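Read through the structure below, which is laid out as structure tokens, and then see the notes.
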There are 2 protein chains.
Amino acid sequence: MASDRVEQILASLRKNGGRASTPRRVIIETLLDARHHLTVEELTTDVQAGHPEIHLTTVYRTVEALEALGIVYHVHLGHGPAQWHLADDAHQHLVCQSCGRVVEAPDGAFAELRDRLEGDFGFLPDARHFAVVGWCAECRSRLPGGTPSR
Amino acid sequence: MASDRVEQILASLRKNGGRASTPRRVIIETLLDARHHLTVEELTTDVQAGHPEIHLTTVYRTVEALEALGIVYHVHLGHGPAQWHLADDAHQHLVCQSCGRVVEAPDGAFAELRDRLEGDFGFLPDARHFAVVGWCAECRSRLPGGTPSR
DNA sequence: TTCCGTGCAAACAATTTGCAATAGA
DNA sequence: TCTATTGCAAATTGTTTGCACGGAA
């Protein structure tokens, strides 16, 4: 049940010396309802549909607090604002630099790379915070050259 | 010889209907001299050491023009400003989200991943515009948990 | 002569910060 | 009570745009 999840997250905030305010409750509810790939601005719009008094700044501060607890995380997918996700919804992002489309790929495809980077460089890639830029199938057929355009 | 390279790049600009101005010449020289991983701001500082009249805006516009010709490219490595590179200096970036260090990895490590993404998703990753976020060897030993901190 | 590139100011987008008032624990 | 959190305004950072002038082709 979603509301259980909300209470659980609020409890986690409290346990870490934080407080369970109404804005935080509303923001968390909205976040759980929303699709993933949400910017702070989009999240704020959704939140303000029911609670216009909740300020953009508060949303920024709330997602930050939730990130510190490992409940959400954000990715910078090239240009534009950061995208926020629930932490249990971890996957890789393939971002098309021609059309901006984001394809999601399962972790599996990256297992070899992960082993390789860890073995060769001692570098542990973050499965969540990981975006691959390139060209999607559709743009590749439309633009045969495969040249970047931003 | 570096100055040959400068003339070659200016010729390329001219060939595409552009003009070879003094600011552009200076910016290109500075870019060729500099280490890679240069922000526009850093590049401007270097340029202005010899030519204080050259404006930040001009540097932005010049690197943009050079990118359109495929001579340089930029990457967003997580937070902060974009990093600019010469196109012939293509490599992958492993960005440590704890200390910000950028490790460079040869293309080789990514060959399998590239084949995999192309086969499974028709997605062609851009070898140049590609950053992997994670934790470097040193931070991993320092912070045993391996928890993000931004 | 044409029109591209420049400097400068100002706009912009995304995010962060300072601060007094408010409201959880 | 005590202090974390909020709303609001304002500051910051990185980048882009408008515009009149000057210089390359």
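These figures come from a predicted structure and were not determined experimentally. Sequence lines set the chain letters: A, B, ... in the order given, protein chains first and strands last, and positions in each chain run from 1.
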Rounded to whole Å, the NE2-P distance (A/His51 to D/dG7) equals 11 Å

Quick one: label B/Ala82 by what it contacts on the DNA or RNA (base, sugar-phosphate, nothing), any heavy atom closer than 4.0 Å.
sugar-phosphate

With nearest nucleotides of DNA chain C determined for B/Arg61 and B/Gly17 from heavy-atom distances, which residue corresponds to the more 5′ nucleotide?
B/Gly17

Assign B/Ser21 to base, sugar-phosphate, or nothing according to its heavy-atom contacts below 4.0 angstrom with the strands shown.
sugar-phosphate

For B/Leu10 and C/dC4, give me the distance from atom CG to atom C1', rounded to whole Å.
15 Å

For B/Gln48 and B/Ile54, indicate whether the former's side chain and the latter's backbone hold a donor-acceptor pair under 3.5 Å.
yes

B/Glu29 and B/Arg24 ion-paired at < 4.0 Å:
no

Just the rounded figure in Å: distance from P of C/dT6 to CD of B/Gln48.
14 Å

Mind calculating the distance between NE2 (B/His55) and C1' (C/dA9) to the nearest angstrom?
8 Å

Comparing B/Pro52 with B/Arg24, nearest DNA chain C nucleotide closer to 5' gives the residue B/Arg24

May I ask you to check whether A/Glu67 and A/His74 show a side-chain donor-acceptor distance below 3.5 Å?
yes

Flag the pair B/His76 / B/His93 as yes when their ring centroid distance falls below 6.0 Å, and as no otherwise.
no

d(CD, A/Glu53; P, D/dT6) in whole Å
11 Å

NA contact type, B/Leu56, heavy-atom cut-off 4.0 Å: base, sugar-phosphate, or nothing?
base

For DNA chain D, whose closest nucleotide is more 5', that of B/Thr22 or that of B/Glu41?
B/Glu41

Just wondering, are more than 12 heavy atoms of other shown residues or ligands nearer than 6.0 Å to CD in B/Glu41?
no

Presence of A/Arg19 side-chain N/O under 4.0 Å of D/dT3 phosphate oxygens OP1/OP2:
no

Side-chain N or O of B/Tyr60 versus OP1/OP2 of D/dT15: is the shortest distance under 4.0 Å?
yes

When rounded to whole Å, the CD to P distance for the pair B/Glu42 and D/dT13 reads 15 Å

Return no unless some side-chain N or O of A/Arg14 is found under 4.0 Å from OP1 or OP2 of C/dG24.
no

Checking all strands, does A/Ala20 fall into the base, sugar-phosphate, or nothing category for heavy-atom contacts under 4.0 angstrom?
sugar-phosphate

To the nearest angstrom, the NE2-P distance between B/His74 and D/dT16 comes to 8 Å

Can you measure A/Gln83 atom CD to C/dT15 atom C1' for me and round it to whole angstrom units?
15 Å

